[in-house]
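To keep things clear, I will list the structure first and then write my remarks on it.
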Amino acid sequence: MYSRINSSVCFGIEGMSVYVETDIARGLPGINIVGLPSTMVMEARERIKSAVINSGFDFPRGRITVNLTPASLRKNGSCLDLPMAVGILCCSGYFSGHMCRGWGMIGELSLDGRVLGVDGALPMMLHMVDTGLEGIVVPEANRSEAVIAGGNIHTASSLAECVDILKRRPKEAMLDPGIEGTKKAPETADFADIAGQENAKRALVVAAAGRHGILLKGSPGCGKTMLARRMPGIMPGMSEREMLETAIIRSVDGHSGEETELCRVRPFRAPHHSIGRAGLIGGGLHPVPGEITMAHNGVLFLDEVCEFDRRTIEGLRQPLEDKAISHTRKGETYRFPCNFQLMMAANPCPCGFLGDRDRECSCSQADIERYKRRLSGPIMDRIDMCISMEKVTYGELTGARSGLDTLTMRTQVEAAGAFAASQGRSGYNSELTARDTEIHCRLGSKETGFMNSAYDKFNMSPRAYARTLKVARTIADLDARASINTEHLAEALGYRFEYDI
């Protein structure tokens, strides 16, 4: 007998259609899986046999052939366990083939017949919904992702329950209405908790409003990490598309359950400096998202950036420009988005006390130069802003907090975004194209002369010039000014060439 079951696999962060064809013929008992399956898929033979028997069904005595089409697509993961088991039961006569027609399913099987959750369930569900399937069966563990995907999706906790759903063919999903599809943004730490550092707070407002990359420099303990961890709290709210993209990436990375619900707070990733190149930018035999993709629509914070391996940092060059990273494996290209807010923190020298008025630096000039060379010129050229953090005085530390707080800073960022939208601009200023920069960053005669002098004085590259204009455009938006003036340009230059002024 023959059966055909609709299913899907995750290719990068996208769902791809897969059809599970099953045929049982006379011959020596066994299961043969064809169609470019990975080792994980091949191991499903033993899981399926035990799951079918322990679910109360008779396992057929014959030669079972399972074909996964299209044969040119490499199948990886355990999500095809359930459709293969259902196909075998259909061929065994437990239910007719028309009951499976128009339905899709994904899920991993345990030996006792339970259906276990799978990674990347959300993009697979979204793909099956888009293909117009009549109904979909997914693991109970992926219920929260089913709420996001919508459509006629049903959850099953066992193989027997899945068979029952296919026999009933319900027309509407019976997901728990008490589960919300969107989580509220959790409480985050407030910038008001940070004593002093008002100049750094102002710089973070500019960086958040235009999504400009920023480098924080200062002695140990001055508050660099505290500032960075509060950054998501002042960034503009996430759109529905951004929330869905973030949920898909978390699903592919293996964050099933509640962590994959739509969340209003932007991601914040702070990898340790010992991370390797593949961990930061992604990759592997079967490419998976790296930290830059996990930070998509959020913040990537590289603390103690000069302690990272230089080759690892150099891997950020292309993703910072293209907002995406591609990996090619065995003739297949996997593309992952990585549009993130880059934040880096570093000490001024290996010991951290270069320029400190109270503590003497113990580093040699050679050590200092070697330390600074960890950040190459091309990487620094891609950083829009650099701020030197001053040492907090005792009075600032013990006195009443009177500086900027998170609510005030977020209000300023949102106001800048609203003003930019009123001027006909969408997206962030750091993403302006060359043509848009000419239109929206046009300078008057006075400002042109000012930048002409600055271009020669600071030996600016064309990229540095364009990025300075974009930062100035963001500062003008914060002031609700349609045109850029010399004050805006001076502040932007101060952020970029702080140590040369």
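What you see is a predicted model; the values in this text were computed from it and never measured. Position 1 is the first residue of the sequence, and the numbers go up from there.
With hydrogens and angles disregarded, no donor-acceptor distance shorter than 3.5 Å links the side chain of E304 to the backbone of A345. Panel note: side chain S430, backbone H212; no donor-acceptor pair is recorded below 3.5 Å. No donor-acceptor pair under 3.5 Å is formed between the side chain of S7 and the backbone N or O of V18. Looking at K446, its side chain never comes within 3.5 Å of a backbone N or O of T486 through a donor-acceptor pair. In this structure, the side chain of K224 does not engage the main chain of C222 through any donor-acceptor pair within 3.5 Å. N347 places no side-chain N or O within donor-acceptor distance of the main-chain N or O of S219, the cut-off being under 3.5 Å. A donor-acceptor pair is defined here as one N or O able to donate and one able to accept, closer than 3.5 Å; such a pair exists between the side chain of R266 and the backbone of G237.
By the 4.5 Å heavy-atom criterion applied to side chains, P271 and L300 are counted as neighbours. At a threshold of 4.5 Å between non-hydrogen side-chain atoms, the residues D190 and R230 do not count as touching. In this structure the side chain of R269 never reaches within 4.5 angstrom of the side chain of I292, judged on heavy atoms. The side-chain heavy atoms of V299 and M235, taken from C-beta on, include a pair separated by under 4.5 Å. Residues F419 and D479 form no side-chain contact, since every pair of their non-hydrogen atoms from C-beta on lies 4.5 Å or further apart. Considering only heavy atoms from C-beta on, I313 stays 4.5 Å or farther from R374 through its side chain. Annotation: side chain of F308 is not in contact with side chain of L316 (no heavy-atom distance under 4.5 Å). In this structure, the side chains of I484 and L489 come closer than 4.5 Å at one or more pairs of heavy atoms.
In terms of heavy atoms, A208 sits closest to Q341 at CA-OE1, 4.0 Å. The shortest non-hydrogen separation linking S326 to R335 is OG-NH1, 3.5 Å. Contact record, A416 with L478: CB-CD2, 3.5 Å, taken as the closest heavy-atom pair. A200 and I387 get closest at one heavy-atom pair: CA-CG1, 4.2 Å. The two residues C361 and C349 make their nearest non-hydrogen contact at SG-SG, 3.7 Å. Shown here for D381 and A464, the closest heavy-atom pair between the two residues is OD1-CB, 3.5 Å.
In the displayed structure, E14 atom CD is contacted under 6.0 Å by at most 12 heavy atoms of other residues, nucleotides or ligands. Annotation for E314: atom CD counts as buried by contact number, over 12 foreign heavy atoms lying within 6.0 Å. Sparse packing is recorded around CD of E360, with 12 or fewer heavy atoms of other residues, nucleotides or ligands lying under 6.0 Å away. Environment of CZ in R310: crowded, with over 12 heavy atoms of neighbouring residues, nucleotides or ligands closer than 6.0 Å.
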CA sep, side-chain torsions, deciding dist, call: L342, L302, side-chain contact (heavy atoms from CB on, under 4.5 Å): CA-CA 8 Å; L342 178 63; L302 304 181; 4.3 Å; yes
Chi angles and distances behind the side-chain contact (heavy atoms from CB on, under 4.5 Å) call for R74, R329: CA-CA 11 Å; R74 182 170 295 277; R329 299 291 186 275; over 6 Å; no
Salt bridge (charged side-chain N to carboxylate O under 4.0 Å, His left out) assessment of R370 paired with D367: CA-CA 5 Å; R370 190 181 304 110; D367 291 337; 2.9 Å; yes
Salt bridge (charged side-chain N to carboxylate O under 4.0 Å, His left out) between E438 and R435, intermediate numbers included: CA-CA 5 Å; E438 292 180 4; R435 178 59 179 165; 3.3 Å; yes
Derivation and outcome, side-chain contact (heavy atoms from CB on, under 4.5 Å), residues D477 and R425: CA-CA 11 Å; D477 291 341; R425 279 179 283 126; 2.8 Å; yes
Working for salt bridge (charged side-chain N to carboxylate O under 4.0 Å, His left out), residues E140 and R143: CA-CA 5 Å; E140 176 69 28; R143 174 180 288 268; 2.7 Å; yes
Residues I148, M243; criterion side-chain contact (heavy atoms from CB on, under 4.5 Å); working and verdict: CA-CA 10 Å; I148 298 174; M243 287 191 289; over 6 Å; no
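Each of L404, L407, I234, T408 was evaluated against F191; a single residue qualifies, I234, per the side-chain contact (heavy atoms from CB on, under 4.5 Å) test. Partner of E491 under the salt bridge (Lys or Arg N to Asp or Glu O under 4.0 Å) criterion, out of R496, R473, R202: R202 alone. For the salt bridge (Lys or Arg N to Asp or Glu O under 4.0 Å) with D384, the qualifying choice from R211, R463, R467 is R467, the only one to do so. Checking N452, N485, L469 one by one against L443, the side-chain contact (heavy atoms from CB on, under 4.5 Å) holds for a single residue, L469.
Between L280 atom CG and T312 atom OG1 the span is 6.5 Å, to the nearest 0.5 Å. Atoms CG and OG, from N297 and S239 in turn, are 7.0 Å apart once rounded to the nearest 0.5 Å. Q423 contributes atom CD, which lies 12.5 Å from atom CZ of R481 (distance to the nearest 0.5 angstrom). The line from CD of Q412 to NZ of K201 is 11.5 Å long, rounded to the nearest 0.5 Å. Rounded to the nearest 0.5 angstrom, L320 CG and I379 CD1 are separated by 6.0 Å. Considering OH of Y495 and CG of N199, their distance stands at 7.5 Å, rounded to 0.5 Å.
With sequence neighbours left out, T437 forms a side-chain hydrogen bond (donor to acceptor under 3.5 Å, both in side chains) with no residue at all. Listed by chain and number, the residues in a side chain to side chain contact (heavy atoms under 4.5 Å, CB included) with S8 are M124, H127, M128 (sequence neighbours excluded). Contacts of E447 classified as side-chain hydrogen bond (donor to acceptor under 3.5 Å, both in side chains), with partners at least two apart in sequence or in another chain: none. In this structure P139 satisfies the side chain to side chain contact (heavy atoms under 4.5 Å, CB included) test together with I106, V115, N142, sequence neighbours excluded.
Side-chain atoms of D81 and S78 form no donor-acceptor pair, as typed in the model, at a separation below 3.5 Å. Side-chain contact, H296 with E245: a donor N or O sits under 3.5 Å from an acceptor N or O.
Sorted by first and then second residue, the ring-ring contact (aromatic ring centres under 6.0 Å, His included) pairs involving residues 332-379 (not counting sequence neighbours) are F11-Y334, H327-F336. The side-chain hydrogen bond (donor to acceptor under 3.5 Å, both in side chains) analysis of residues 273-286, with sequence neighbours excluded, yields the pairs H272-S274.
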